[in-house]
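Remember, it's 1-based here, ligands and their atoms both numbered in the order they're listed. Quick note: residue numbers are just sequence positions, from 1.
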Amino acid sequence: MTAQLIDGKAIAAQIYEEIKAEVAELKEKHGITPGLATVLVGDNPASQTYVRSKQRTCTKVGFHSVGEHLPADASQEEVEAVVRRLNDDPAIHGILVQLPLPKHLDEEKILGTISIEKDVDGFHPLNIGRLSMKGREPLFVPCTPAGCIELLVRSGVEIEGKEAVVLGRSNIVGLPVAMLLLHRNATITICHSRTKDLPAVCRRADILIAAVGRPKMVKADWVKPGAAVIDVGINRVEDPTAKRGYRLVGDVDFDEVKEVAGYLTPVPGGVGPMTIAMLMWNTLAGAKRAAGLID
Ligand code: NDP
């Protein structure tokens, strides 16, 4: 069997077109331009790249964007004051605090300062709490997990009643993606570093989500024939033939697993492009909610 490739770039491009159309309508009918603010503390080069890419995407879809850049030694009070100012700014519908923050800052407290109505990253404890409870809806769902579900849905993979195995239990990927699958009535197993016999547990999965950060860990004999495999991992491995001296691989051994799986996401070009697309989607939802157009 050769798996059907789930093309995250193409699906993200489709989502951007949908967002652009909604933005045009929002501007024309209601005079609203969705606005996203990014808060960057310090000079971490990877964080700077992510923030720039988010700002560029805002421009592409017609959003207003504001970039707040604080020095690496900014105090807890200074960062919280910036977040509170953005909370009060009616032109801003989404606030994104770029993680990781410098070590001296209390990340949990800063994320908790973001108004729940503007928590487009979905990491506010209230949003995570609602995501974890039956019959409750968060205002925003964390972007990478939401992207995983969108890839499945838009590829026609049925979730309800299926066995889903999530490899990884982090707050930003594993746990929320498991909650989202549960909301869609899959039967969930969450694996982590103490799970016994991972290959056997993974082989039960109709849907396998890999978010461990271990290059090519998931092998062909971990995968049930025909399963849908979503590879969240982004790992650098040395490659002297590559221009930058490294290349990116996922948590799944793509070449092996593509012969067994029914659906498979590549790395890069699978989940990666979906994360920013879902951030834009959340910001649009924030703007619509602020205008009273959705609950
Ligand atoms: P974390 O390091 O926070 O979590 C990793 C999880 O995997 C933990 O739950 C850990 O278990 C588990 N784990 C680690 N090693 C093993 C092992 N050998 N066997 C079983 N379980 C193991 O990572 P993240 O969730 O933040 O990220 C996971 C991957 O996804 C990374 O490669 C990251 O770069 C990528 N990523 C990609 C994004 C995208 O946009 N595509 C966005 C975010 C992340 P335990 O809890 O027991 O320690």
Q. Would you say the side chain of Thr38 lies within less than 4.5 Å of the side chain of Gln98, judging by non-hydrogen atoms?
A. no
Q: Report yes if the side chains of Ile11 and Asp7 come closer than 4.5 Å at any heavy-atom pair, otherwise no.
A: no
Q: Identify whether the distance between the nearest side-chain nitrogen and carboxylate oxygen of Glu137 and Arg289 falls below 4.0 Å.
A: no
Between the protein and ligand 1, which nitrogen or oxygen pairs come in under 3.5 Å, and how far apart is each?
residue, atom, partner, partner atom, Å
ligand 1, 9 (O), Arg169, N, 2.8
ligand 1, 11 (O), Ser193, N, 3.2
ligand 1, 15 (N), Arg214, NE, 3.1
ligand 1, 15 (N), Arg214, NH2, 3.3
ligand 1, 21 (N), His192, O, 3.4
ligand 1, 21 (N), Ser193, N, 3.3
ligand 1, 25 (O), Ser170, OG, 2.5
ligand 1, 32 (O), Ile234, N, 3.0
ligand 1, 32 (O), Ile234, O, 3.4
ligand 1, 34 (O), Ile234, O, 3.4
ligand 1, 40 (O), Thr275, OG1, 2.8
ligand 1, 46 (O), Arg169, NE, 2.7
ligand 1, 47 (O), Arg169, NE, 3.4
ligand 1, 47 (O), Arg169, NH2, 2.8
ligand 1, 47 (O), Ser193, N, 3.1
ligand 1, 47 (O), Ser193, OG, 2.5

(Q) Side-chain heavy atoms nearer than 4.5 Å, only ILVMFWY residues, links allowed to pass through others: does that put Leu5 and Ile207 together? (A) no
Q) NZ of Lys109: more than 12 outside heavy atoms within 6.0 angstrom? A) no
Q: Output yes when a side-chain donor or acceptor of Tyr16 lies under 3.5 Å from a complementary backbone atom of Val61, and no otherwise.
A: no
